[in-house]
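As structure tokens, the structure follows; a few thoughts come after it.
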Amino acid sequence: MTKDMTEGSPLRLIAQFSLPLLAGNIFQQAYNMVDAAIVGRVLGSASLGAVGASGSVQFLILGFCFGLTAGFTIPVAQRFGARTYAKMRRYIFHSVLLTLMLSALVTLVCSLLCARIIRWISTPEEIFREAYLYLLVIFLGVPFTLFYNLLSGILRAVGDSRTPFMFLVVSSVLNIGLDLLFIVVFGWGVVGAALATILSQAVSAVLCMILILARFELLHLKPEDCSIRPKYIARLLYLGIPMGLQFSITAIGSIVIQVSNNRLGSLYVSAFAAGNKIKQLGISPFDAVASAVSTYASQNYGAGNIKRIRRGLFEGTLLSLGLAMVVVCPAMIFLGRPLSMIFIPASETDVLLASARYVRLMGCFFWLISLLQIFRLTIQGLGFSNLAIFSGVFEMIARCSVGFGLVPAFGFDAIIFADPAAWLSAVLWCTPVLLWCLHRISRARRI
């Protein structure tokens, strides 16, 4: 069911739209955590390290693809808000076409270079083989991952956040079941973990397509929508490439941190992998609220409701910041050790202590990411992806500075503070830029 966010209470609309996204994010992180927990407890912390060793590389490559497809959905939301549905469908057609070409290219190139990529990030030799096999399967499954992200993004662009949530529930349950089957019963190790992830995303992609064909007539492409038009491709790439590059630039800094951490040894590789799973779960509420505000801003921008954008941004920011200060930060600070024990057996004391310290200290700074996600996604939702990209540049500079300058002296403690330093740098950029964007669209509207 589509949802018009150009009328009604902004806070209520954002909260209603956020809830399915939040539940979906939690389910997504839950199956990622179960995946890691099964690997860590059944196969051992070394295998957990192998799964986590390439996390920053996945963020670099898949993050670019996710950013690109997310950018493709911005004009869909804007045309939906403006009620120009023919143009909306043309953008959908060109988005599918570009995603098809992108997924084929990424799968081919990354699969061929997989072994070299694992070497480039200084993966410890004792976990090299498992890390390679895991990453190779993930790369081979890129088409399923990208099409699920594109189709669910299109549904959210037209105001439906519930359907992607339902598919994530199905995907999560399926992923857990396949994890147990492939790892515990079949004994396929980390390959089984990767296969479970890819197959569950493939099912979600197929379900999205079936539902769109069955229930969303507004999104059905007509023959006149399916001719290639360069101006639509140019607009999609104009919005998508900066968002993709923002993820990739951010990931460069993450790779520097990953490499620096890998050089500290397999103990810290495993602790970092476990801590990152918990960190991603903690970020889930802010991703949900920020995505809601971004969709809200896109639709209202398309409809020309500039005052509503300001009000929704203010109320969405208060909601996100409140979640950080009341729920997420206290949970991470006081539950660092119990959360780490989801992945790490109590017998592996050193790994557990390092992971728990990572989670506790990281929890003190989650209010920064709550602001960053709102500000950055709103800038993108308003169509200024070329400016939002610089937030990724500042994140990269901060992480590289920590990785090259502080990790050699302070070790794992410096690794912990790399993300907060990056978030702070990006917030300092995004705050004045967002204010400028709001002024720019207000002025353009008056003219």
Side-chain angles (χ1 to χ4, degrees), residues 29-58 118 121-135 138 175-176 179-180 182-194 196-197 254 257-283 331-364 403 407 410-419:
Q29 294 305 322
Y31 79 64
N32 287 337
M33 291 176 72
V34 169
D35 181 64
I38 293 174
V39 170
R41 288 187 166 271
V42 176
L43 302 177
S45 62
S47 294
L48 176 63
V51 170
S54 61
S56 57
V57 172
Q58 292 182 55
I118 295 296
I121 60 174
S122 300
T123 303
E125 193 62 37
E126 62 267 27
I127 61 174
F128 174 85
R129 182 176 179 276
E130 286 189 306
Y132 166 75
L133 292 174
Y134 181 84
L135 189 59
I138 294 296
N175 193 94
I176 294 169
D179 267 332
L180 295 172
F182 293 163
I183 297 174
V184 179
V185 179
F186 292 169
W188 290 353
V190 296
V191 172
T197 299
S254 297
I257 295 300
Q258 181 84 64
V259 171
S260 300
N261 189 67
N262 287 353
R263 290 172 177 168
L264 297 177
S266 57
L267 183 156
Y268 291 110
V269 173
S270 299
F272 187 68
N276 260 312
K277 294 294 184 183
I278 299 166
K279 180 188 78 175
Q280 292 303 322
L281 178 63
I283 291 174
M332 295 187 69
I333 291 169
F334 295 108
L335 299 176
R337 182 182 176 87
L339 289 171
S340 297
M341 290 181 69
I342 296 172
F343 311 100
I344 304 167
S347 58
E348 300 193 33
T349 308
D350 292 339
V351 179
L352 183 59
L353 287 174
S355 176
R357 178 172 174 78
Y358 178 97
V359 175
R360 284 197 300 267
L361 293 178
M362 185 73 69
C364 297
V407 173
F410 298 100
F412 193 63
D413 283 347
I415 296 290
I416 296 172
F417 287 103
D419 277 335

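Please read these numbers as outputs of a predicted model, since none were measured by experiment.
- For the pair Arg337 and Leu353, the minimum side-chain heavy-atom distance is below 4.5 Å.
- The two residues Ala271 and Ala354 make their nearest non-hydrogen contact at CB-CB, 3.6 Å.
- Minimum heavy-atom separation, Leu135 to Ile118: CD2-CD1, 3.6 Å.
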Exercise for the section: For the pair Ile344 and Ser270, evaluate side-chain contact (heavy atoms from CB on, under 4.5 Å) and give the outcome as yes or no after the intermediate values. Expected result: CA-CA 9 Å; Ile344 304 167; Ser270 299; 5.9 Å; no

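- No side-chain donor-acceptor contact under 3.5 Å links Asp179 to the backbone of Ala196.
- Applying the side-chain contact (heavy atoms from CB on, under 4.5 Å) test between Ile416 and each of Tyr358, Phe410, Phe272 identifies Tyr358 as the sole match.
- A distance of 12.5 Å separates CG in Leu335 from CE in Met341, rounded to the nearest 0.5 Å.
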Practice task
Tell me, with the steps shown, if Asp413 and Arg357 meet side-chain contact (heavy atoms from CB on, under 4.5 Å).
Solution key: CA-CA 9 Å; Asp413 283 347; Arg357 178 172 174 78; 2.8 Å; yes

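- Minimum heavy-atom separation, Ala346 to Leu352: CA-CD2, 4.1 Å.
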Listing, residues 182-193 side-chain donor-acceptor contacts under 3.5 Å, not counting sequence neighbours, or none:
none

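- For the atom pair CG (Asp350) and CG (Leu267), the distance works out to 5.5 Å, reported to the nearest 0.5 Å.
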Handout entry: Check against side-chain contact (heavy atoms from CB on, under 4.5 Å), Phe417 and Leu361
Key = CA-CA 8 Å; Phe417 287 103; Leu361 293 178; 4.2 Å; yes

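- Taking all atoms of both residues into account, the shortest heavy-atom contact from Ile257 to Ala418 is CD1-CB, 3.5 Å.
- Separation of atoms CG (Asn175) and OG1 (Thr197) is listed at 4.5 Å; rounding is to 0.5 Å.
- Heavy atoms only, all atoms of each residue included: Tyr268 and Asn261 are closest at O-ND2, 3.0 Å.
- Using modelled atom types, one finds a donor on one side chain and an acceptor on the other under 3.5 Å when comparing Asn262 with Gln258.
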Exercise for the section: Please report the C-alpha distance between Lys279 and Val359 in whole Å, then the side-chain angles of each, then the deciding distance to 0.1 Å, and finally whether the side-chain contact (heavy atoms from CB on, under 4.5 Å) criterion is met. Expected result: CA-CA 7 Å; Lys279 180 188 78 175; Val359 175; over 6 Å; no

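- Between Arg360 atom CZ and Met332 atom CE the span is 11.0 Å, to the nearest 0.5 Å.
- Between the side chain of Ser355 and the backbone N or O of Val351 there is no donor-acceptor pair closer than 3.5 Å.
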